[in-house]
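When a residue number appears, it is its place in the shown sequence, counting from 1.
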Amino acid sequence: MLSNDVLLKAYRLMMTAKAMADIYENNRPICKYVHSTSRGHEAIQLATGFLLKDYDWVSPYYRDESLMLGMGWRPYEMMLQLLAKGDDPYTGGRAYYNHPNSRKENLPKIIHQSSATGMQVIPTTGVAQGIDYIESQKLKEYPEPPVVICSLGDGSVTEGEVSEAFQFAVLKKLPIIYLVQDNDWGISVSSDEARTMNAYEYAAGFKGMERMSFDGSEFETSYKGMQDAIAYVRKNRAPILVHAKVPLLGHHTSGVRKEWYRTEEDLAKHYKNDPAPKLKSLLIERGITPDALNNIEAEETAFIKNEFDLAVAAPEPDPSTVSDHVFAPTPATEEKGHRSPEGREKVVMVDAALHAVEEILRKHPEALFFGQDVGRRLGGVFREAATLADKFGDERVFNTAIQEAYIVGSTAGLSAVGLKSIVEVQFADYIYPGINQLVTELSKSSYLSCGKFPVNMILRVPIGAYGGGGPYHSGSVESTIATIKGIKIAYPSNAADLKGLMKAAFLDPNPVIMFEHKGLYWSKVPGTDEAKTIEPDEDYVLPFGKGLLVLEADAAQVDNGNSICVITYGMGVHWAKAAAKHFPGSVDIVDLRTLFPLDENLVYETVRKHGKCLVLTEEQLNNSFAEALSGKIAQHCFTSLDAPVQTLGALNLPAVPMNIGLEAEMLPNAEKVKEKMEWLLNY
């Protein structure tokens with residue numbers, strides 16, 4: 001039986017939450033940004049908040065303001081986010097109400113929270129994965145084994161990415177509690193029209209997932225249930241799903257009001273389970289007078305009015321801060337180390353990458369590497385991870401299921417607890433299931449947490465076409481990825497660059513996509529021998545945003561107006577070099593090396609030097625990165641141009657065909673580049 005002190009604390013905070021909901025509703029012109037409240041969910045949320053320790057982790061979702069109150073957050077701090085004020089401690093006025101993140105020492109930790117329902121489950125499971133790894137490697141000691149709580153609504157359990165997280169959690173026996181608050185509604189969609197089972201029933205399909213289900217509107221029941229769930233995870237280091245049935249008393253959000261889609265009968269049914277009157281009745285049975293409880297309500301109403309007035313008076317964000325925290329600062333800002341040590345033979349790109357990862361794993365115990373087929377048996381379908389599991393163990397280098405979303409999204413949670421992930425999707429064509437996590441969670445995490453949670457990860461992506469790989473193993477996807485703000489993109493053309501960029505990416509606290517062309521991995525494609533280079537030393541770091549002039553025209557040819565430049569990357573570098581042999585002394589070739597950040601200064605300087613420019617890519621041209629770059633060149637170099645900026649890429653087809661003759665017809669090659677160079681030189 002809980003003490004009256006605990007029950008009174010819960011009742012007071014229920015009155016706090018009620019007063020907050022009421023004042024928001026009564027001041028709708030001021031509370032103009034969309035928001036939800038916890039009305040109906042207070043009991044389970046407060047019970048959970050009371051039981052968490054400062055070394056635990058939790059992901060509240062957007063209806064979890066009572067969970068925040070239970071953990072010890074001040075209403076004023078939360079209201080600053082409600083009103084998008086500059087002192088909003090979570091996002092600096094950039095995100096919705098109750099989208100917290102925190103590294104406060106005396107409170108449970110919270111990673112960046114997005115609005116995309118169900119999407120928080122993978123990153124939060126990544127936190128549990130990280131804690132499990134830290135414990136297994138003895139990288140840190142905790143006062144007691146931490147737990148991770150992921151809060152979500154029952155409707156969001158139908159998301160496919162939730163099942164990926166559940167599957168990984170039971171497979172690896174991760175210390176996580178999935179707290180599912182079931183209020184029977186997903187906006188206007190009722191549970192009976194959206195699903196055939198609730199979360200408790202669904203979880204039975206995941207072997208190894210413990211389950212609990214109880215009335216989340218009863219505070220004592222909720223407290224005991226969460227106490228048992230937390231104790232189970234602290235002891236057994238295995239996942240559990242808690243299904244708490246709760247009423248929905250407020251609107252879905254301030255923008256989708258309850259009267260628009262719910263009947264009076266439905267609302268009345270839910271109000272019968274209001275947690276506050278239930279707890280009030282229990283306290284009266286325990287000898288607390290109604291007057292004392294009414295006084296608590298009055299005190300909280302007055303307190304919340306004062307908190308709200310303070311928040312309304314707080315300053316707006318400084319507009320000059322709008323671009324802050326897109327990226328966390330990186331230490332890899334200069335080229336360092338030995339790029340071409342004497343006395344060594346050249347290596348292929350795949351070996352340079354493999355050695356870079358091996359050096360990282362050897363030096364950094366916080367680093368791990370995982371993805372499809374990269375484990376001990378195969379070491380990657382291109383042998384890009386060969387021997388790594390043998391050298392570093394299955395806990396650091398391991399296979400995953402076919403779960404691109406989990407591979408990508410889990411890195412946010414791993415990064416939050418101090419780990420650095422190198423992960424892989426098998427082919428560029430299969431990156432798309434991971435893009436949801438890349439966009440929704442990773443790319444926004446630094447910006448929307450005001451720099452508290454940048455995501456340190458490298459995503460390796462074998463890319464490109466050669467030799468009849470066919471429509472699902474030959475694609476180029478850089479334009480799709482380049483539209484995502486908040487990530488960095490490398491696309492090296494040779495072994496030395498790949499190794500140096502890999503080292504820079506590891507040091508960088510931000511998400512990095514490493515495009516690695518399959519046709520350059522082994523230099524098996526005719527004309528790609530120069531992708532092999534002397535392998536740099538372990539200390540070599542090549543910073544992002546530094547392109548390289550890999551072929552330079554003769555000054556006399558430039559002075560005579562008989563020169564052009566080619567701006568390219570990846571396989572395009574080798575096509576351009578082969579084509580340029582037909583025009584000796586007349587061609588500059590810029591290898592971009594990274595697509596973002598982009599070395600715009602080098603590009604514009606080179607274009608202005610020649611006045612004629614070709615942007616070359618392997619990708620289909622229509623609406624591509626190459627076309628966007630050609631537009632920027634035209635904009636910035638207009639007065640220096642002697643010819644229209646030209647682009648060359650693959651034909652605008654939906655996929656690369658299997659037949660090698662059709663593939664060759666679709667793709668650029670040295671001969672096609674030569675024809676375009678000749679046209680430009682003669683323009």
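- Each of Gln557, His610, Glu552 was scored for a side-chain hydrogen bond (donor to acceptor under 3.5 Å, both in side chains) with Ser563, with one residue passing: His610.
- Side-chain contact check for Glu161 versus Asn436: some heavy-atom pair is nearer than 4.5 Å.
- A cation-pi arrangement, defined by a distance under 6.0 Å to the six-membered ring centre and an angle within 45 degrees of its axis, is present between Lys420 and Phe506.
- Between His636 and Tyr604, the distance from one ring center to the other falls under 6.0 angstrom.
- Ring centers of Tyr430 and His473: under 6.0 Å apart, within the cut-off.
- Comment: Glu627 does not engage Lys632 in a salt bridge, judged by the lack of any side-chain N to carboxylate O separation of less than 4.0 angstrom.
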Is there a side-chain contact (heavy atoms from CB on, under 4.5 Å) between Phe370 and Glu424? Walk through the geometry before answering. CA-CA 7 Å; Phe370 59 95; Glu424 182 177 312; over 6 Å; no
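- In this structure the side chain of Asp588 never reaches within 4.5 angstrom of the side chain of Ile564, judged on heavy atoms.
- Separation of atoms CD (Glu516) and CE (Met349) is listed at 7.0 Å; rounding is to 0.5 Å.
- Residues Val607 and Leu641 form a side-chain contact, since some pair of their non-hydrogen atoms from C-beta on lies under 4.5 Å apart.
- Proximity of a side-chain donor or acceptor of Arg396 to a complementary backbone N or O of Ala389 within less than 3.5 Å is not detected.
- At distances below 3.5 Å, not a single donor-acceptor pair connects side-chain atoms of Asn494 with backbone N or O atoms of Lys532.
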Using a 3.5 Å cut-off and no angle test, enumerate the donor-acceptor pairs between side-chain atoms of residues 328-340 and protein atoms at least two apart in sequence or in another chain.
unit_1, atom_1, unit_2, atom_2, d
Thr330, OG1, Ala332, N, 3.1
Glu335, OE2, Tyr540, OH, 2.5
His338, ND1, Asp539, OD2, 3.3
Arg339, NH1, Asp497, OD1, 2.8
Arg339, NH1, Tyr540, OH, 2.7
Arg339, NH2, Asp497, OD1, 2.8

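- Of the N and O atoms on the side chains of Thr617 and Tyr569, at least one donor lies less than 3.5 Å from an acceptor on the other residue.
- Side-chain contact check for Leu548 versus Arg593: some heavy-atom pair is nearer than 4.5 Å.
- No side-chain donor from either of Asn456 and Ser415 sits under 3.5 Å from a side-chain acceptor of the other.
- Within 6.0 Å of the NZ atom in Lys546, the count of heavy atoms belonging to other residues, nucleotides or ligands does not exceed 12.
- Scanning both residues, Val550 and Val573, for their nearest heavy atoms gives CG2-CG1, 4.2 Å.
- Phe369 is listed as a side-chain neighbour of Val374, based on a closest heavy-atom distance under 4.5 Å.
- Ionic pairing of Lys391 and Glu358 is present here: one or more N-O contacts between side-chain nitrogen and carboxylate oxygen are shorter than 4.0 angstrom.
- Counted by atom type alone, Asn562 and Asn560 present zero donor-acceptor pairs between their side chains at under 3.5 Å.
- Looking at heavy atoms from C-beta onward, Leu592 lies in side-chain contact with Leu629 at the 4.5 angstrom threshold.
- Not a single donor-acceptor pair under 3.5 Å links the side chain of Thr387 to the backbone N or O of Asp390.
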Passes side chain to side chain donor-acceptor pair (under 3.5 Å), Gln137 versus Glu395? Steps please. CA-CA 9 Å; Gln137 302 295 306; Glu395 289 182 320; 3.1 Å; yes
Can you check side-chain contact (heavy atoms from CB on, under 4.5 Å) on Asn510 and Val455, steps first, answer last? CA-CA 5 Å; Asn510 303 289; Val455 180; over 6 Å; no
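- Side-chain atoms of Glu404 and Gln372 include a donor-acceptor pair closer than 3.5 Å.
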Checking side-chain contact (heavy atoms from CB on, under 4.5 Å) for the pair Val603/Glu605: CA distance, chi angles, key distance, verdict? CA-CA 6 Å; Val603 170; Glu605 287 170 6; over 6 Å; no
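- Taking every heavy atom of both residues into account, Leu442 and Ala412 meet most closely at CD1-CB, 4.0 Å.
- Ring pair Phe166/Phe206 is perpendicular by interplanar angle, where above 60° counts as perpendicular and below 30° as parallel.
- Within the model, atoms CD1 of Ile407 and CD of Gln426 stand 8.5 Å from one another, a figure rounded to the nearest 0.5 Å.
- In this structure, the side chain of Ser445 does not engage the main chain of Pro454 through any donor-acceptor pair within 3.5 Å.
- Interatomic distance, Leu602 CG to Leu598 CG, rounded to the nearest 0.5 Å: 9.0 Å.
- Residues Phe327 and Ser446 share a closest heavy-atom pair of C-OG, 4.1 Å.
- Side-chain contact check for Leu419 versus Gln129: every heavy-atom pair is 4.5 Å or farther apart.
- The closest donor-acceptor contact from the side chain of Asn659 to the backbone of Leu662 lies under 3.5 Å.
- Side-chain contact between Met571 and Thr528 is present, with at least one heavy-atom pair separated by less than 4.5 Å.
- Not one N or O on the side chain of Asp508 forms a donor-acceptor pair closer than 3.5 Å with the backbone of Ala504.
- Atom OG of Ser630 and atom CD1 of Ile567 lie 11.0 Å apart (nearest 0.5 Å).
- Put simply, CD1 on Ile463 and OH on Tyr491 are 4.0 Å apart, with the number rounded to the nearest 0.5 Å.
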As a quick check of understanding, evaluate side chain to side chain donor-acceptor pair (under 3.5 Å) for Glu530 and His574, giving each step before the final call. CA-CA 8 Å; Glu530 290 187 26; His574 302 278; 5.6 Å; no
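- Here the closest heavy-atom approach between residue Ala655 and residue Met666 is recorded as O-SD, 3.6 Å.
- The pair Glu535-Lys346 does not count as a salt bridge, with every side-chain nitrogen at least 4.0 angstrom from each carboxylate oxygen.
- The structure places CD of Glu366 at 12.0 Å from CG of Leu414, a figure rounded to the nearest 0.5 Å.
- Under 4.0 Å is where a charged nitrogen must lie from a carboxylate oxygen, and between Glu359 and Lys503 at least one such pair does.
- Using the six-membered ring where Trp is involved, Trp679 and Tyr683 have ring planes that are tilted, between 30° and 60° apart.
- Phe427 and Phe382 have their aromatic ring centers within a separation under 6.0 angstrom.
- Nearest heavy-atom pair across Arg608 and Ser640 is CG-OG, 3.6 Å.
- Side-chain atoms of Lys172 never come within 3.5 Å of backbone atoms of Val170 as a donor-acceptor pair (strictly under, hydrogens ignored).
- In this structure a side-chain-to-backbone donor-acceptor pair under 3.5 Å is present from His355 to Asp351.
- Scanning all heavy atoms of the two residues, the minimum distance from Gly545 to Asp599 falls at O-CB, 3.3 Å.
- With no hydrogens or angles considered, a side-chain donor-acceptor pair links Ser479 and Glu619 at under 3.5 Å.
- When atom types are taken as modelled, the side chain of Thr411 and the backbone of Val408 share a donor-acceptor pair closer than 3.5 angstrom.
- Between the side chain of Gln437 and the backbone N or O of Ala405 there is no donor-acceptor pair closer than 3.5 Å.
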Is there a side-chain contact (heavy atoms from CB on, under 4.5 Å) between Ser410 and Phe168 once you walk through the steps? CA-CA 10 Å; Ser410 62; Phe168 196 91; over 6 Å; no
